[in-house]
Amino acid sequence: MRRRKYAITNLDGTVAINFDNKTYTKSLLDLGSIEANLATYIGAGQAGQTITARNYGTRDVTIEGYVLADNEEEMKSRKATLQKVIVPTTDFYLVIDDRYRLRITATSTLQYETDWYVNCELLTKFTIEGTCSNPFFETIQEQQASITGWIKDFHFPYCNPVGQKFTFGHRSTSKIVDLRNESEVETGMIITFKAVAGTIVSPSLMNVNTGEELVIEATLESGEEVQVNTGYGVKSCRNTTLDENWLQHVSLDSTWLQMPVGLSSFRYDYDETSTGTLECNVYYTPQLIEV
């Protein structure tokens with residue numbers, strides 16, 4: 001059975017505590033459970049209830065472990081490093097196998113055991129208690145999908161006469177691309193629109209399955225890029241080339257598109273008066289209940 005790797009880090013990853021059983025070790029990792037909150041109603045004469053909406057609650061986490069050291073100075077240094085990660089004024093990550101992470105808010109300061117035999121210069125027991133406002137694990141590696149896709153033309157084995165031109169790939173003529181989200185809940189996205197070799201007027205992205213659409217009512221000059229974040233609580237639209245807030249250019253009829261669970265079809269478009277080529281990419285982070 002493969003042994004899993006656990007660590008806790010601050011949000012920017014500059015300070016990390018690895019549970020390697022040499023410097024730090026964990027004795028308990030309780031990741032709790034997620035409660036489902038249901039909105040229901042009961043009609044006259046109805047048996048049971050009708051569920052009208054569902055959402056997820058928070059997740060409570062408890063981590064217990066030990067700081068290990070060979071002398072008093074080493075113990076002070078390692079406890080100080082642990083204290084830099086567990087600060088109630090900011091969040092931290094629980095990282096698993098260097099692939100998944102859970103964002104945790106400490107609900108109290110770091111707790112050390114008071115008995116001398118588990119709080120000395122060689123061994124100190126600690127307890128971390130926290131809660132996760134977003135109860136889902138997320139992959140550390142962000143997923144990227146090109147909406148305006150390219151098709152590979154170059155492959156091995158390949159033979160090309162000297163002096164003859166060949167292509168590495170060509171632009172897909174289809175404006176529709178299928179994307180698969182392996183999450184267990186729909187997620188927000190970062191959508192980028194970039195004008196290449198000319199202007200792009202009113203770029204847009206539509207979920208073909210639902211008909212929902214996000215439209216930027218503006219003209220992108222050649223080389224300009226707009227980035228739209230549709231994540232809950234962090235919605236934004238910026239022209240990253242000019243470093244300007246472009247929220248006012250998002251059409252009032254637009255929907256802040258989410259990445260649905262499973263397979264979905266997306267279609268990009270722009271006004272026919274455009275003179276350039278559009279590059280459209282989507283970035284999203286899968287959300288998982290357990291890993």
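Computation of the quantities below employed the complete heavy-atom set of this structure, encompassing side-chain atoms and omitting hydrogens, waters and symmetry-equivalent molecules.
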For Tyr232, which residues count as a side chain to side chain contact (heavy atoms under 4.5 Å, CB included) partner, sequence neighbours excluded? Lys235
Taking atom OG1 of Thr50 and atom OH of Tyr41, what is their separation to the nearest 0.5 Å? 4.0 Å
Taking atom types as modelled, find out whether Thr199 and Ser274 have a side-chain donor-acceptor pair closer than 3.5 angstrom. no
Treating Glu186 as the side-chain partner and Gln258 as the backbone partner, does any N or O pair qualify as donor plus acceptor under 3.5 Å? no
Which atoms form the tightest heavy-atom contact between Trp246 and Thr219, and what is the distance? CH2-O, 4.1 Å
Who are the side chain to side chain contact (heavy atoms under 4.5 Å, CB included) partners of Asp115, not counting sequence neighbours? Glu113, Tyr117, Val118
More than 12 heavy atoms of other groups within 6.0 Å of Glu272 CD: no
The salt bridge (Lys or Arg N to Asp or Glu O under 4.0 Å) partners of Arg267 (sequence neighbours excluded) come to Asp269
To the nearest 0.5 Å, atom OG of Ser265 lies from atom CG of Asp178 at 3.5 Å
Show every salt bridge (Lys or Arg N to Asp or Glu O under 4.0 Å) that has at least one partner inside residues 75-93, sequence neighbours left out. Glu72-Lys76, Glu74-Arg78, Asp91-Arg103
Can you sort out the partners of Ser77 under side chain to side chain contact (heavy atoms under 4.5 Å, CB included), two or more places apart, ordered by chain and number? none
Between Arg4 and Asp97, does at least one N-O distance fall below 4.0 Å, as a salt bridge requires? yes
Working to the nearest 0.5 angstrom, can you tell me the gap between Asn37 CG and Tyr56 OH? 10.5 Å
Are the side chain of Thr124 and the backbone of Cys120 linked by a donor-acceptor contact shorter than 3.5 Å? yes
Set of side-chain hydrogen bond (donor to acceptor under 3.5 Å, both in side chains) partners for Thr107, sequence neighbours left out: none
Is a side-chain donor or acceptor of Asn10 paired with a backbone partner of Phe92 at a separation under 3.5 angstrom? no
Which salt bridge (Lys or Arg N to Asp or Glu O under 4.0 Å) pairs, counting each pair once, include a residue from residues 9-31, with sequence neighbours left out? none
Residue list, salt bridge (Lys or Arg N to Asp or Glu O under 4.0 Å) with Glu221, at least two apart or on another chain: none
Taking all heavy atoms of Cys237 and all of Val226, pick out the closest pair and write down the distance. SG-CG1, 3.7 Å
Hey, does the side chain of Asn181 reach the backbone of Met259 with a donor-acceptor pair shorter than 3.5 angstrom? yes
Between Ile128 and the options Leu29, Leu94, Leu110, the side-chain contact (heavy atoms from CB on, under 4.5 Å) test singles out Leu110
Which residues pass the ring-ring contact (aromatic ring centres under 6.0 Å, His included) test with Trp256, not counting sequence neighbours? none
Could you give me the CA-CA distance, side-chain angles and deciding distance for Glu142 and Thr139, then say whether side-chain hydrogen bond (donor to acceptor under 3.5 Å, both in side chains) is met? CA-CA 7 Å; Glu142 189 177 55; Thr139 59; over 6 Å; no
Partners passing salt bridge (Lys or Arg N to Asp or Glu O under 4.0 Å) against Asp243 (at least two apart in sequence or in another chain): Arg238
Full working for side-chain hydrogen bond (donor to acceptor under 3.5 Å, both in side chains) between Asn229 and Ser236: CA-CA 5 Å; Asn229 191 333; Ser236 64; 4.8 Å; no
Minimum heavy-atom distance Gln46-Gln49, with the two atoms named: NE2-C, 3.4 Å
Could you list the donor-acceptor pairs under 3.5 angstrom formed by side chains in residues 130-138, with sequence neighbours left out?
unit_1: Thr131; atom_1: OG1; unit_2: Arg59; atom_2: O; d: 3.4
unit_1: Thr131; atom_1: OG1; unit_2: Asp60; atom_2: OD1; d: 3.2
unit_1: Asn134; atom_1: OD1; unit_2: Phe136; atom_2: N; d: 3.2
unit_1: Asn134; atom_1: ND2; unit_2: Gln287; atom_2: OE1; d: 3.0
unit_1: Glu138; atom_1: OE2; unit_2: Arg101; atom_2: NE; d: 2.7
unit_1: Glu138; atom_1: OE2; unit_2: Arg101; atom_2: NH2; d: 3.1

For Thr62, enumerate each residue passing the side-chain hydrogen bond (donor to acceptor under 3.5 Å, both in side chains) test, keeping only those at least two apart in sequence or located in another chain. none
Approximate separation, where rounding is to 0.5 Å, of Leu28 CG and Thr127 OG1: 8.5 Å
